[in-house]
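Here is the naming used below: chain letters follow the sequence lines, and residue numbers restart at 1 for every chain.
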There are 2 protein chains.
Amino acid sequence: MSESSTAKRPPTIDDVLRLRAAEPVPPADGEAAAGEAAGDADGGAAPTRIVEIARLAGVSPITVSRALRQPEKVAEAKRRKILEIVERTGYATNPHARALRSGQSNIVAAFVSNLQSQQFCLAVQGCGEVLEPQGYQLMIGQTSYSYAKETTMIQSLREMRPAAVMFTGVIEIEENRRALRALGIPIMETWAYPRDPIDMLVGFSNIDGGRLAAEHFAGRGYRRVAFIGRRSGRGALRLTGFREGARAAGLDIVAELSVDRVGSMLDGRRALGELLARNTAVEAVFCANDLLAAGALLEARRLGMRLPDDIAILGFGHNDVAEELPPGLTTIGIDSRDLGRQAGSLILQRMRGETPDEPTRAVELTLTRRGSS
Amino acid sequence: MSESSTAKRPPTIDDVLRLRAAEPVPPADGEAAAGEAAGDADGGAAPTRIVEIARLAGVSPITVSRALRQPEKVAEAKRRKILEIVERTGYATNPHARALRSGQSNIVAAFVSNLQSQQFCLAVQGCGEVLEPQGYQLMIGQTSYSYAKETTMIQSLREMRPAAVMFTGVIEIEENRRALRALGIPIMETWAYPRDPIDMLVGFSNIDGGRLAAEHFAGRGYRRVAFIGRRSGRGALRLTGFREGARAAGLDIVAELSVDRVGSMLDGRRALGELLARNTAVEAVFCANDLLAAGALLEARRLGMRLPDDIAILGFGHNDVAEELPPGLTTIGIDSRDLGRQAGSLILQRMRGETPDEPTRAVELTLTRRGSS
DNA sequence: TTGTAGGCGTTATCAA
DNA sequence: TTGATAACGCCTACAA
């Protein structure tokens with residue numbers, strides 16, 4: 001994009017001004033409190049142990065514990081008094097002591113393939129919305145689409161001892177699947193629809209997504225179509241479905257271009273350039289994700305093509321920035337936040353010892369048509 | 001963007017196909033292992049207590065503990081043997097027991113203003129890169145630019161008892177600042193340069209950023225300039241600097257448009273439309289963040305304006321998707337991942353009981369010029 | 001350099 | 001419905 005060079009992909013920097021940010025030098029103040037172990041703040045230090053509450057309430061510690069965890073087992077009056085004291089003093093249970101004794105952590109680990117992905121983050125947010133009000137905390141990690149990293153993270157789960165784990169994806173490596181099962185905690189996979197989820201699943205069929213893309217193209221009257229995407233993971237599934245759909249509808253797949261990275265507009269741009277250079281008279285392109293599609297769309301327009309007449313572009317993933325690009329990107333996707341919420345509520349049920357009657361769920365894929373197709 | 005309607009902001013959906021994703025129904029398998037407490041997996045269950053390692057190594061538990069935490073205090077041979085056994089058996093320390101006894105958690109809480117922000121996520125990733133190899137785990141929360149949410153989260157920190165906290169922002173509310181100090185743990189603020197950080201800071205001056213914007217416009221010969229951004233938080237600081245710089249350079253600020261949301265292309269688009277409707281003969285617009293700038297840029301081009309001749313646009317934040325938009329967005333920003341790394345290493349020092357000699361650091365602001373200015 | 005004794009704060013278990 | 005007792009697994013303090 002930089003300058004007018006079109007070949008160079010890493011956007012060259014035309015002009016860089018450097019400025020050492022220097023507001024009037026701040027005194028290295030504020031150090032006072034931090035660093036010490038037990039900051040005692042403003043006098044009214046909150047109690048740190050359950051016995052202190054017990055003393056104030058005139059009951060035994062275990063009763064306070066019950067009032068907090070199983071309120072129904074404590075007499076109305078006592079319970080009210082205890083909770084009032086807890087509230088007033090700002091007492092907070094020590095989660096480490098609790099986890100140690102009960103074997104129940106309040107941490108739920110969430111692994112995203114890529115923290116930069118809007119949709120994955122939305123799913124995690126949705127999951128957090130359900131779990132946090134119940135006192136659980138999400139610990140977020142990134143697998144970076146790397147099996148090695150995934151394996152490392154799963155190892156570290158053994159140390160972390162979370163109450164449950166969720167992934168924005170499915171675990172393919174058998175060894176990792178075994179390791180996860182061995183944790184003996186609820187496991188949530190998402191974003192695909194494998195036959196044999198490890199434990200619970202809120203997913204959708206990427207193959208169906210690809211098929212839907214082909215059907216959409218067929219319905220709009222395009223016949224010469226192409227695919228841009230990764231050849232592994234979900235990209236491969238979307239391609240599989242796209243091929244099936246194309247065959248069924250009698251479309252010609254004139255090219256399948258593979259890219260290495262996920263979420264790269266530049267790769268999409270380059271791939272479209274390459275596709276056009278092949279002179280395949282392609283009419284419509286399905287990109288396995290929205291950022292690739294955004295790159296392709298920008299490149300097409302840069303070359304003076306009109307969408308969708310000269311070429312149609314279809315993305316995947318409901319990325320709202322990409323979809324804003326004129327003339328609007330048609331895209332297939334799911335409601336990621338809702339997926340996250342569903343995942344969260346299943347996890348919650350499982351953590352409570354209930355048995356969800358439907359531990360494997362499918363969410364709806366939708367195609368949103370805009371100007372690009 | 002939808003259809004050809006230009007007024008409606010929430011992109012209308014032209015056409016929605018629904019498809020119940022239905023791969024061949026998967027057997028609700030995989031349930032087997034999960035749900036139970038102590039999954040005993042494949043026979044070779046890893047030891048869960050330090051005594052088991054001690055027994056295998058023929059030493060006392062405390063020696064194993066030392067070999068793990070303070071290896072230099074254990075004789076070479078014993079240490080090697082112990083670590084070999086730990087490695088081989090896959091023993092993992094129970095973090096809860098450890099935290100309970102030592103008072104040292106291995107959890108670092110990180111709060112981002114918005115999980116959807118590429119730059120904030122990058123900073124968190126950078127911080128994690130430094131902390132994770134040292135055995136710390138990042139727990140990520142979102143404050144949603146809401147003081148109320150911020151207060152709630154800070155409350156929950158009392159329960160969580162992390163080893164340190166980092167924010168992609170600074171804490172303004174005095175009550176929250178007090179509450180944080182009272183935690184007695186290292187606190188890291190970022191993304192601004194206040195005079196009185198709570199504890200540690202890796203930041204930059206948003207005022208300088210605004211000033212830099214004005215200077216850039218002056219240098220390029222624009223005189224009639226405008227601002228689009230929030231009137232609170234960092235947006236307000238950037239505006240302050242922009243005003244100062246404009247005054248110093250003799251520029252006319254012909255308009256200051258405020259938006260309510262952060263990270264909204266639509267708001268940027270609308271604001272630019274409004275600005276142009278005012279007929280102020282504006283030559284250059286500084287948008288307080290890149291997504292606003294992207295919206296403004298798209299709107300300008302939709303109206304057939306050429307950049308930068310008809311209008312120049314300057315963003316803030318180094319968002320790489322926004323900056324890809326033709327003709328390339330000029331933007332001011334920092335290296336967020338590096339900021340995160342610096343923050344991480346300061347936090348690390350503090351957690352180790354060292355006293356960083358420079359607990360308040362400034363990172364470099366850079367202006368990257370592309371086609372839009 | 002290694003070990004012994006004991007407690008961190010909570011909750012499971014059993015008894016009243 | 002409430003309480004006494006003990007134990008979760010580790011590490012601090014002190015001793016050898």
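- Regarding contacts with the backbone of D/dC11, a side-chain N or O of B/R69 is found under 4.0 angstrom from either OP1 or OP2.
- Side-chain atoms of A/R101 stay outside donor-acceptor range of the base of C/dA12, with no qualifying N/O pair under 3.5 Å.
- For the pair B/S60 and C/dG3, the criterion of a side-chain N or O lying under 4.0 Å from OP1 or OP2 is met.
- Between the side chain of B/R161 and the base of C/dG9 there is no donor-acceptor pair of N/O atoms closer than 3.5 Å.
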Apply the test salt bridge (charged side-chain N to carboxylate O under 4.0 Å, His left out) to residues A/E76 and A/R79: give CA-CA distance (whole Å), side-chain angles for both, the deciding distance (0.1 Å), then the verdict.
CA-CA 5 Å; A/E76 169 82 23; A/R79 179 181 60 214; 2.8 Å; yes
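- Between D/dT2 and A/K78, a contact under 4.0 Å exists linking OP1 or OP2 to a side-chain N or O.
- Nucleotide C/dG3 holds its C1' atom 13 Å from the CD1 atom of B/I82, rounded to whole Å.
- Contact between the side-chain N/O atoms of A/S65 and the OP1/OP2 oxygens of C/dT10 is not found at any separation under 4.0 Å.
- The distance from atom CZ of B/R66 to atom P of C/dG3 is 8 Å, rounded to the nearest whole Å.
- Distances shorter than 4.0 Å separate some side-chain N or O of B/T63 from OP1 or OP2 on C/dG3.
- Of the two residues contacting DNA chain C, namely B/A75 and A/N94, the nearest-nucleotide position lying further toward the 5' end is that of B/A75.
- Using a 4.5 Å cut-off on side-chain heavy atoms (C-beta onward), B/Q342 and B/L339 make no contact.
- Among the heavy atoms of the strands lying under 4.0 Å from A/L100 is at least one base atom, whether or not backbone atoms are also near.
- Rounded to whole angstrom, the span from the NE2 atom of A/H96 across to the P atom of D/dA7 amounts to 24 Å.
- One can place CZ of B/R49 at 14 Å from P of D/dC11, the figure rounded to the nearest angstrom.
- In this structure, A/I53 places its CD1 atom 13 Å from P of C/dT11, rounding to the nearest Å.
- Straight-line distance from the NZ atom of B/K73 to the C1' atom of C/dT2: 12 Å, rounded to whole Å.
- Note: CD1 (A/I62) to P (C/dT10) measures 11 Å, nearest angstrom.
- Ion pair A/E84/A/K81 not flagged as a salt bridge, since none of the NZ, NE, NH1 or NH2 atoms sits closer than 4.0 Å to an Asp/Glu carboxylate oxygen.
- Between B/H96 atom NE2 and A/I107 atom CD1 the span is 6.0 Å, to the nearest 0.5 Å.
- Distance A/R98 CZ to D/dG9 P: 16 Å, rounded to the nearest Å.
- From B/E189, atom CD reaches atom CG of B/L180 across 7.5 Å, with rounding to the nearest 0.5 Å.
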